[in-house]
Number of protein chains: 2
Amino acid sequence: MKKSKDENTEQQILEAAKFVFQSKGMDGARMQEIADQAGINKAMLHYYFRSKQLLFEAVFNNAFSLLAPQLKAILNDESSIEDKIKNFTSSYISFILQHPYIPNFIIQELNRNPDFMIKMKENPNFPNLDKFKYQLNKDIQAGIIKPISAEQLFINIMALNVFPFLAKPLLMAFTNSENETYSQLMAERETEVSSFIINAIKKN
Amino acid sequence: MKKSKDENTEQQILEAAKFVFQSKGMDGARMQEIADQAGINKAMLHYYFRSKQLLFEAVFNNAFSLLAPQLKAILNDESSIEDKIKNFTSSYISFILQHPYIPNFIIQELNRNPDFMIKMKENPNFPNLDKFKYQLNKDIQAGIIKPISAEQLFINIMALNVFPFLAKPLLMAFTNSENETYSQLMAERETEVSSFIINAIKKN
DNA sequence: ATTTAGTTTAACCATTTGGTTAACAAAAAT
DNA sequence: ATTTTTGTTAACCAAATGGTTAAACTAAAT
């Protein structure tokens, strides 16, 4: 069997497809551009992935499976609520530095085709809020944390972490920053965001 | 001159284009679909707007000029910081109910083509943070509010308000809600978000 | 009544695009 | 050594797409 050769090509295609799909979206991406980016013939894309749709789904699933563990950490590990918030904030920011296009890509494509989410949810280890909710309610009853629903707190944590990267062009304009100063703003958020959240929910 | 007729057609085109562009984006939108939606011949689109690009820009600018006043309110009116946060939160949520596609559309298209923002910024009455910053610093020095940069606070306010609508499909999955229960969650946020922010920044 | 100017349509066009095919190359298996 | 399987390419194809054109239609101005 030829192994090295085709696994290599398949990987090259996925790399190229990831680059093109994540920067232009499903509708804006062109099969020819992906082939050029991978340095191969366009027919190879169909040889390995059959159609644009299936190649796209491969890229999307890859991206989603990178994001999921980030979320599981905050929802299911054993640390305290306060530590979870701190850990999530700092790990999310370093995640973004490695995969800057992922959040935008996922949000954009989910809005284009919300059915994607249905398939994802069928996965039995799709993250859920149960543990986080239980833990939060315990802290609320113990009087450590002000009353808030787990759903709302989860949304707030996600919002404060993810939004600044989604809305980068808009926020750069409003805060009157260049690329560099905006990155600085984002770096400051690593501590800023978690203390903001903790101030909001902690009883004094 | 025939006036009523053509102004009507132009308006119908804009309505249809808004619908199609805002739900499918520039790349996903088809001129034929816009024409069908408007109930007219495809050639009319070019007669009135010359090209897909120009028609798109008309729709984009319309959308943006609906959003801008929302932001100006929080940045430039005379109320206290606390009131601004409350007002923005509740007015933003009712804005979304009237124009549910706008935030997604703007964020998506700005990421596709950040140069759009450059033209917008050239507008002399493009919103800026100066007044908000001055007002916030005064409150911080007076000891009413904990130290935080105006940029970070502004980002946080935007994030908490806008993100839940951008990430609706994702958050519906995580919070395990259907359309109806998710709308309820959003309704709760009208008070939830502003008290969350105020708790985070107010000195006790 | 006729000219004039703007509006609308059907038919058409060139290009782009996702996808296919048939022939060729290179390993593996026999 | 030769057959078979797998990988790769260039050329091709049909459908879709943004855009154009020339003719027909409409209503106001003369």
Side-chain angles (χ1 to χ4, degrees), chain A residues 1-63 105 108-109 112-113 115-116, chain B residues 1-63 105 108-109 112-113 115-116:
Chain A
M1 270 178 276
K2 290 202 266 185
K3 218 184 195 176
S4 59
K5 229 181 187 177
D6 71 317
E7 278 189 3
N8 203 333
T9 309
E10 190 169 335
Q11 204 48 45
Q12 273 177 292
I13 293 175
L14 275 173
E15 288 294 323
K18 175 182 150 187
F19 180 80
V20 176
F21 277 129
Q22 290 188 6
S23 49
K24 311 212 167 168
M26 171 66 171
D27 291 331
R30 296 289 160 253
M31 294 297 267
Q32 188 60 59
E33 190 181 351
I34 295 173
D36 292 348
Q37 184 79 21
I40 51 147
N41 190 288
K42 183 165 66 89
M44 295 302 279
L45 303 180
H46 294 94
Y47 181 75
Y48 282 96
F49 293 91
R50 266 186 53 208
S51 69
K52 186 186 185 186
Q53 178 65 23
L54 287 174
L55 177 54
F56 173 80
E57 282 173 24
V59 170
F60 185 86
N61 290 335
N62 278 181
F105 173 65
Q108 185 185 139
E109 296 302 327
R112 197 178 56 85
N113 179 12
D115 289 351
F116 262 124
Chain B
M1 270 178 278
K2 292 202 264 183
K3 219 184 195 175
S4 58
K5 229 180 186 176
D6 70 319
E7 278 187 5
N8 204 332
T9 309
E10 190 168 334
Q11 203 49 45
Q12 273 177 291
I13 293 176
L14 275 173
E15 288 295 323
K18 174 182 151 187
F19 179 79
V20 175
F21 277 129
Q22 290 188 6
S23 48
K24 311 213 169 170
M26 170 68 171
D27 292 330
R30 297 288 160 252
M31 295 297 267
Q32 187 60 58
E33 190 181 351
I34 296 173
D36 292 348
Q37 184 78 21
I40 51 147
N41 190 289
K42 185 164 64 91
M44 295 301 279
L45 302 180
H46 294 95
Y47 180 76
Y48 281 96
F49 293 91
R50 264 188 50 211
S51 69
K52 185 185 184 185
Q53 178 64 22
L54 288 174
L55 177 54
F56 172 80
E57 282 172 25
V59 170
F60 185 86
N61 291 334
N62 277 182
F105 174 65
Q108 186 186 141
E109 296 301 329
R112 198 179 55 84
N113 179 11
D115 289 351
F116 262 125

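None of the values given here were measured: they were computed from a predicted structure. The chains referred to below are lettered A, B, ... by the order of the sequence lines, with proteins before strands, and numbering in each begins at 1.
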Q. To the nearest angstrom, how far is Ile34(B) atom CD1 from dA16(D) atom P?
A. 18 Å
Q) Starting at the 5' end of DNA chain C, which residue's closest nucleotide do you reach first, Arg50(A) or Ile40(B)? A) Ile40(B)
Q | Distance-only polar pair, side chains of Glu57(B) and Asn61(B), donor-acceptor under 3.5 Å | A | no
**Q.** Closest heavy-atom pair and its distance - Gly28(A), Asp27(B)
**A.** CA-OD2, 3.3 Å
Q | Protein-nucleotide distance (Asp27(A), atom CG; dG18(C), atom P), rounded to Å | A | 10 Å
Q) dG19(C) C1' sits how many Å from Leu55(A) CG, rounded? A) 13 Å
Q. Rounded to whole angstrom units, what separation is found between the NE2 atom of His46(B) and the C1' atom of dA22(D)?
A. 17 Å
(Q) From CZ of Phe49(A) over to P of dG18(C), roughly how many Å is that when rounded to an integer? (A) 16 Å
Q.
Does anything in residues 14-26 of chain A form a salt bridge (Lys or Arg N to Asp or Glu O under 4.0 Å)? List the pairs, not counting sequence neighbours.
A. Lys24(A)-Glu33(A)
Q) Phe56(B) CZ to dG18(D) P: how many Å, rounded? A) 14 Å
Q) Among Phe60(A), Phe105(A), Phe56(A), which residue meets the ring pair (Phe, Tyr, Trp, His ring centres under 6.0 Å) test with Phe21(A)? A) Phe56(A)
Q. Glu10(A) has an atom CD; how far is it from atom P of dT8(D), in whole Å?
A. 11 Å
Are there any protein N/O atoms within less than 3.5 Å of an N/O atom in nucleotides 11-17 of chain C, and if so, which ones and at what distance?
from	atom 1	to	atom 2	distance (Å)
dT17(C)	OP1	Arg30(A)	NE	2.6

Q: Can you tell me the distance, in whole Å, between the CD atom of Gln32(A) and the P atom of dT9(D)?
A: 12 Å
Q. What pair of heavy atoms forms the shortest contact from Val20(A) to Arg30(A), and how long is it?
A. CG1-N, 4.3 Å
Q. Between Thr9(A) and dT8(D), is there a side-chain N or O to OP1/OP2 distance below 4.0 Å?
A. yes
Q) If only side-chain N and O atoms of Tyr47(B) are considered, is one of them under 4.0 Å from the OP1 or OP2 phosphate oxygen of dT21(D)? A) no
(Q) I want to check something: taking the side chain as every heavy atom from C-beta on, are Leu14(A) and Phe49(A) in contact at a cut-off of under 4.5 Å? (A) yes
Q) Does the Glu109(A) side chain pair with the main chain of Met26(A), one donor and one acceptor, at a distance under 3.5 Å? A) yes
